[in-house]
Structure formats: C-alpha cells, structure tokens
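Have a look at the structure below, then the notes.
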Amino acid sequence: MQKPSLPKGTRDFSPVQMARRNYIFGVIKETFELFGYQQIETPSMENLSTLTGKYGEEGDQLLFKILNSGDFLKKTTADDFAAGAKAMLSKIAEKGLRYDLTVPFARFVVMNRNDLQFPFKRYQIQPVWRADRPQKGRYREFYQCDADVVGTESLSCEAEIILMIRRVFKRLGLLDYSIKLNNRKILTGIAEVMGAEGMEGPLCVAIDKLDKIGWSKVQEELLQRGFDDGGIQKLQPIIDLKGNIPEKIEFLKEFLKQSEIGLKGLNELEGVIDTLKQMGENLDFVEFDVVLARGLSYYTGAIFEVKVNNVSIGSVSGGGRYDNLTGVFGMDDIPGVGFSFGVDRLYDVLEELDLFPEAALEGTKVLLVHFDKKGYEYGLGLITKFRENGIRAEIYPDSVKIKKQFDYATKKQIPFVAICGDNEIVSKTIALKNLDSGEQSSLTLAEAIDRLN
RNA sequence: GUGAUUGUAGCUCAGCUGGUUAGAGCGCCGGUUUGUGGCACCGGAGGUCGCCGGUUCGAACCCGGUCUUUCACCCCA
C-alpha cells in the first residue's frame with residue numbers, strides 16, 4: 001500500500017470549498033458578462049515556442065515543461081547531454097503548461113483574427129501553472145479570471161475595469177480595499193527626468209519594493225542597478241508625494257514637463273478619471289500610486305493593482321494596458337487592456353475576513369428518511385415529485401437506523417427531514433421536520449412542496 | 001533558484017537529558033433510546049511517530065538524505 005500524496009503546491013477542493021469558490025466565480029463571471037465580455041477557453045498546454053520569452057528569463061524558469069511522448073531522448077545526442085539541461089530542453093520538450101491567460105489569449109487573437117469582431121472583449125477563467133516555491137497565497141496551480149479587450153485604445157476600457165473591480169468587490173462584501181492606478185509612461189517619464197532614460201525596467205523593480213523595504217533600501221538598490229546619485233535625489237519628491245489625485249497630477253505636470261512620454265502617461269491617467277466622471281461615477285477606492293510598478297514587461301499604459309486592506313494576502317487583482325501583445329505572433333497594432341482576479345487569493349481573503357455567506361453553501365433542502373422497506377418504497381414514490389417541483393431532495397439510500405439518517409442530514413446541513421413511516425403511508429402524508437427548530441408537522445405532498453418552496 | 005522552518009490518531013496538539021505496551025481534547029463507531037437528530041452518560045476502534053538510511057544494547061527524540069508545510073529573498077495572482 002502506498003501513502004497517497006499531492007504534488008507540491010497543488011490542492012484538493014472539498015464540497016464546501018467548491019461551493020465557496022463557485023460563489024466567487026459566479027460573481028466574477030456575471031460581472032464580466034454584464035460588461036459585454038465573452039468567454040473563451042484555451043488548452044492547458046501550449047507549444048513552448050508560444051510561451052517562452054514572454055515572461056522574461058525568470059518567467060521562463062517557472063514554466064512547467066512537458067516531456068515529449070514516447071522515447072523523448074530520440075532526438076538528443078551525446079553533445080546535447082554535455083551542453084546541459086538548458087540546451088537539451090528544446091529537444092526533449094515541445095509543450096508546456098500555460099503560465100498565464102494573457103499570452104494564450106494573444107495567440108488566440110492572432111489565430112482567429114478573421115473571425116473576431118474588434119474591439120474584442122473576452123474573459124477566461126482557467127487554471128494556470130507556475131513552478132514557483134509555494135507559500136501562503138502562492139500556489140503552483142491556481143485560477144485566474146481574466147478580462148481583456150483588444151483592438152481599441154479607448155480609455156473607457158480602463159474606466160470599465162475599475163467599475164468591474166468595484167462591482168465584484170461590492171458583491172463579495174469587501175469594503176476596505178484600494179484600486180491602485182498608475183501609468184507605465186509616467187514611470188518612463190520619471191526615469192527620463194532622473195537622467196536614466198530607458199531604465200524604467202530596473203526602476204520599477206526597485207521602486208516596487210518601497211512598501212516592503214523602505215526608501216533607504218530602495219536607494220541602495222537603485223545605486224546597485226546603475227542609477228547615479230543625482231538621479232536618485234530627483235526621485236525624492238516622488239517618494240514623498242502626498243495628496244489627492246488632482247494634487248498629485250498637478251505636481252507631476254510640473255515634474256514631468258521635460259518628458260513628452262511622461263506627460264502623455266499623465267494625460268492618459270486624467271482621461272481615465274474624466275471618463276469615470278462622464279459615466280456618472282466617482283473615484284471611490286481609486287488611488288493614484290505613482291510608485292506602483294507591475295513586473296510584467298508588456299505593459300505600456302495604465303497599470304492596476306488591487307489590494308485588500310488589513311489582510312495577510314498580497315494583491316488579489318492586477319492588470320494593465322499593452323500596445324502590442326500580438327506583435328510577437330506577427331500581428332501588429334492591436335492594442336489592448338486587461339486584468340485578472342486571483343480567485344485563490346480572493347478565497348483566502350474572504351476566509352480571513354469571514355465573509356462567505358451561508359447561502360453559498362446551500363445544498364439539499366429535504367432528506368426523505370424511513371424506518372423500513374415499506375417506508376423506503378413510499379419515499380421512492382415521492383422523491384421525484386419534490387424534484388419535479390424544483391426542490392433539492394434526497395432519499396437516504398440504505399435501510400439503517402433513523403438516528404443515522406438524521407445524523408446524515410445534520411452533518412450535510414440539510415434543513416428539513418421528511419419522515420416516511422407506516423402512519424404516513426396510511427394517511428398519505430409525510431411528517432416534515434425542521435431540523436433547526438425541531439418543529440414537525442404532518443403534511444400532504446402538495447402541502448410539503450408548498451412549505452419547502 | 002538561495003537561506004531557514006515544519007511533519008506524532010481523521011483534526012488540533014502533548015510526549016522529560018534517547019529507556020517497557022506513544023497520550024489528551026475534538027471527531028468516528030457502538031450502547032443507554034427498534035417512530036425522531038443536536039445534549040448527557042457509558043463503552044470501543046484507530047498511530048511501523050512523513051519516508052529511506054545511519055549511530056546505539058535501545059530512537060518519536062541524535063546524525064545524513066529525501067518529500068512535505070510554512071517563512072524570507074527572487075518573482076508574482
């Protein structure tokens with residue numbers, strides 16, 4: 001006998017967990033559809049040529065590769081072995097598990113370009129896999145819920161993303177969170193002003209840690225990454241920047257006046273805010289975070305990140321605008337913007353805050369119990385009637401002690417038990433008992449159905 | 001990938017400087033109660049102490065490896 005086990009970073013989901021997950025999925029799905037997004041799915045595995053090189057060197061290392069079928073060594077030579085694992089990879093693995101939903105989506109758009117109606121709004125809810133070291137809130141298999149729109153530069157898309165985030169969070173009962181908003185071009189502009197043109201990549205990586213390690217450590221890291229002291233000092237007012245959104249914009253207009261691209265980014269950000277206003281919306285939960293810098297290299301415009309306050313889980317949603325995601329697949333000039341909810345993290349957050357509604361767990365409404373074969377057969381004649389009337393009903397399948405049947409109902413949180421015994425058979429009724437209150441009444445089938453509806 | 005950390009019954013955890021048959025609470029099964037669950041009382045089952053190897057007269061305890069958990073870094077949802 002072997003002890004069963006699970007691969008690192010993967011999990012089973014029990015019925016209770018699934019009910020709760022489906023509750024979250026349901027809210028997200030309904031919201032995406034309300035905004036006109038259409039669902040697609042793509043395969044779990046993609047060709048490695050589709051995946052590699054899209055997530056940076058780090059990302060490539062985190063890809064799960066799939067060994068070729070059959071004799072996977074048949075294309076290799078002794079030289080390949082000598083050259084090491086990296087060189088050999090392309091000869092023994094041609095496929096990999098998807099790392100996110102955005103790159104497969106880009107591939108999908110290119111392959112189906114003639115059949116799609118642009119602007120194309122799609123959503124996708126599927127698992128992704130990363131060969132990361134698991135930690136709290138970090139798994140090797142987890143779901144993403146992506147919504148992207150491609151084929152338009154309209155800032156209304158960004159505004160709608162904010163509205164979708166707000167709707168989902170409201171539905172889930174989350175009231176204390178912030179939608180951090182920034183624009184990659186602003187970061188580019190800041191790098192320019194610092195005299196470090198083109199270095200916004202390393203700037204982002206360092207600045208992103210400000211919350212975690214503090215300003216002085218960030219300065220050290222910037223020096224290490226090749227920024228000069230004068231430039232870093234110019235960053236100081238950005239770090240200290242406080243105030244509401246208009247105030248921050250006002251400051252940056254001045255700060256970025258030398259940087260054309262920086263001003264463009266600022267302009268886009270204002271555009272998103274104006275669009276919200278035109279839609280009759282406000283800026284609740286929206287925060288302009290000048291030092292928000294998301295890792296993924298393909299973002300070129302707006303960037304978002306959502307963090308629930310006062311919980312131990314990292315960001316639960318993020319996204320941004322990209323100019324040319326499909327370019328690598330040979331289709332230029334398709335701008336897009338998208339974002340993703342991390343269901344597994346949302347789950348952890350809702351659990352931590354104890355926000356799952358009881359109703360998310362509702363299962364069977366009534367259990368038919370019986371004392372003997374006669375009662376069981378009487379119950380079999382009734383069970384279908386309940387179901388035909390839309391009542392979730394079960395009949396206990398075995399002839400066991402009534403206590404055990406009641407126990408089953410209690411454990412499974414079934415609120416009603418319908419007792420089928422000799423008395424009921426004679427009077428053509430059932431004894432319907434509310435397990436919560438203990439109240440019991442003798443009812444005809446029609447009355448019972450009425451009561452349960 | 002780097003550095004730590006965790007693992008004892010279904011669950012949460014005790015278990016002395018290595019020393020007979022490894023414990024508790026909860027849960028589970030049975031009974032008090034053969035037409036009524038939750039509560040109470042009584043009884044019972046259940047562990048090759050993550051796995052492999054080593055040291056020792058003797059290992060849950062010490063050592064090595066491995067897997068797993070959690071954490072920091074890296075990166076990210």
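Order of the sequence lines fixes the chain letters, A, B, ..., with proteins taken first and strands second; residue numbering starts at 1 for each chain.
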Looking only at N and O atoms, is any donor in the side chain of A:Q440 or the base of B:U36 less than 3.5 Å from an acceptor on the other one?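 Looking at the base of B:U36, it does pair with a donor or acceptor on the side chain of A:Q440 (distance under 3.5 Å).
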In this structure, how many angstroms lie between the [atom2] atom of [N] and the [atom1] atom of [X], rounded?
| X | N | atom1 | atom2 | result |
| --- | --- | --- | --- | --- |
| A:D348 | B:C76 | CG | C1' | 15 Å |
| A:F64 | B:G1 | CZ | C1' | 14 Å |
| A:D146 | B:C76 | CG | P | 15 Å |

Any protein N or O atoms within reach of nucleotides 42-45 of chain B? Criterion: under 3.5 Å, listing atom names and distances.
none

For residues 204-223 of chain A, which residue pairs qualify under ring pair (Phe, Tyr, Trp, His ring centres under 6.0 Å), counting only residues two or more places apart or in two chains?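 The answer is none; no pair qualifies.
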Residue whose closest nucleotide on RNA chain B lies nearer the 5' end, A:R138 versus A:G438: A:G438
Applied to residues 408-419 of chain A, the side-chain hydrogen bond (donor to acceptor under 3.5 Å, both in side chains) test, sequence neighbours excluded, yields A:E394-A:Y408, A:E394-A:K412, A:Y408-A:K412
Using a heavy-atom cut-off of 4.0 Å across all strands, would you classify A:S340 as base, sugar-phosphate, or nothing?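 Nothing, no nucleic acid heavy atom in range.
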Let me check I have this right: for RNA chain B, each base becomes ., (, ), [, ] or |, based on Watson-Crick or G-U pairs with both distances under 3.5 Å. What is the full string? ((((..(..((((.....[...)))).(((((.......))))).....(((((..]....))))))..))))....
Ionic contact status for A:K373 with A:E377, cut-off 4.0 Å: yes
Assess the side chains of A:Y322 and A:D148: does a donor N or O sit below 3.5 Å from an acceptor N or O? yes
Using a cutoff of under 3.5 Å, can you pull out all pairs of nitrogen or oxygen atoms linking the protein to nucleotides 68-70 of chain B, with atom names and distances?
residue, atom, partner, partner atom, Å
B:U68, OP2, A:K8, NZ, 3.2

Give me the distances for all protein-to-nucleotides 28-32 of chain B N/O pairs that come in under 3.5 Å?
residue, atom, partner, partner atom, Å
B:C28, OP1, A:K411, NZ, 2.4
B:G31, OP1, A:K401, NZ, 2.8

